[in-house]
Each structure stands twice: as C-alpha cells, then as structure tokens.
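Structure first, commentary second.
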Amino acid sequence: ISAFVLANKNTSTSTKASYASSLGSIFRQLGEKEMPLLSIVSKGLQAATNASHVRPKQAPPLTRKLVDALVVAALLAEDKLLAIAMWLMWKAAARHSDVRHLCKRNINIVSEKELLIEWGQLKTNRFKRWSPLSFTIIVINPTSDLDVAMMRRLRVHLEALPKQSASVA
C-alpha cells in the first residue's frame, strides 16, 4: 500500500500525503488497528509537504550580466536617470524608492573608485540617523567598463544639479 502511494513520480508530495492519509482512514474504518509502514510514509510525506510550503516564493536575484544589460538598454534609450538609478540600486542593494529620494547632498564621491551614500530617513533607520544602516560605501570594479562609465555619468549628473537639488534619480 505504501508503494502504491509513493509509486507515481509525477504526483506532488502534498497529493501523496493526502492519499496516504485517506488510505489510513479507510483502513481504520475497515477495522485495521495499525498500518505501521503507511503511518511512517504518511508522516514523512506530511513533513515534506509542510517544509515545501514554508519556502517563500521570491523572484530569483538579478545577475550582474542582466543588470548590465538593463543599464545599457536604458542608456541606449537615452534615459540616463533610469540607468543611474538602476546602477545605484544594484550596487547598493537598495529599493527604488530609496534611490529616488536621494539628493545631491546624500552622495559623496570619495575617489574615482568609491562613493559614499548617506541614506537619510529610510524605512529601516527612521529613528537612528547615525546608525551604520544610514551609510553605504560603494567601491566600483575598475576593470568593469560599465562601472567606470556609470561613475563618470553619476559625477557629471551630480555636478549639473543645483546645490539644493530635489533628487538624484
């Protein structure tokens, strides 16, 4: 009977657990006191079903290659603000809304390879302004042509903004 439950490889684990439970109920109604192997299989399938439902369904993370393609597509579409925003979101692992609210005073280009972002009031640090969560240091890869170009574009964009600019991206 346990072999019957486990035999079909195309059946989902939750369905197999349901079959095992139903078979156990039928056997108990027929007067069978215990089916130890079916009980073990049923408990194992139920545990596997519960474990598979615990995992959150999240989108897979973007790869560097895909992010580069998106940034290049934005540049080709002559949308430099979108390209800068996507590049900053990727480099800082930041939300779009957080990058959108960055001002000129929040970004300090330290060198050709480094920039410092002070995030200000975010969801995660509303009450702790000087918390380490308030700052991100981005170090670019000098061998990546796109990183070097985006750093240059960011510098030019920041220089063009007025001192009290509303936002960077």
Exercise. Looking at Arg155 and Glu112, does any basic side-chain N land under 4.0 Å from a carboxylate oxygen?
Worked result: yes
Exercise. Salt bridge between Asp147 and Lys91, side-chain N to carboxylate O under 4.0 Å?
Worked result: yes
Problem set entry | Positive for side chain to side chain contact (heavy atoms under 4.5 Å, CB included) with Trp90, one of Leu62, Asp68, Leu70 | Leu62
For this session: Give me the one residue out of Leu88, Ile140, Val71 that meets side chain to side chain contact (heavy atoms under 4.5 Å, CB included) with Met150.
Result: Val71
Exercise. Taking only residues two or more places apart in sequence or in another chain, which ones pass side chain to side chain donor-acceptor pair (under 3.5 Å) with Asn106?
Worked result: none
Roughly how far, to the nearest 0.5 Å, is [atom2] of [Y] from [atom1] of [X]?
X	Y	atom1	atom2	result
Met151	Leu146	CE	CG	13.0 Å
Leu116	Glu118	CG	CD	8.0 Å
Ile107	Leu115	CD1	CG	6.5 Å

Problem set entry | ILVMFWY network linking Leu66 to Val99, side-chain heavy atoms under 4.5 angstrom | yes
Exercise. Is it the case that one hydrophobic cluster holds both Trp87 and Val156, taking links as side-chain heavy atoms less than 4.5 Å apart, direct or via other members?
Worked result: no
For this session: Find out whether His96 and Met89 are in side-chain contact, i.e. whether some heavy atom of one side chain is under 4.5 Å from a heavy atom of the other.
Result: yes
State whether the side chain of [X] and the backbone N or O of [Y] hold a donor-acceptor pair below 3.5 Å, judged by distance alone.
X	Y	result
Lys104	Leu158	yes
His101	Ser97	yes
Ser25	Ser21	yes

Problem set entry | Residue Ile137 excluded, over 12 heavy atoms near CD1 under 6.0 Å | no
Exercise. Taking atom CD of Glu78 as the centre, does the number of heavy atoms from other residues, nucleotides or ligands within less than 6.0 Å exceed 12?
Worked result: no
For this session: Could you walk me through whether Ile84 and His157 pass side chain to side chain contact (heavy atoms under 4.5 Å, CB included), step by step?
Result: CA-CA 9 Å; Ile84 289 170; His157 180 64; 3.9 Å; yes
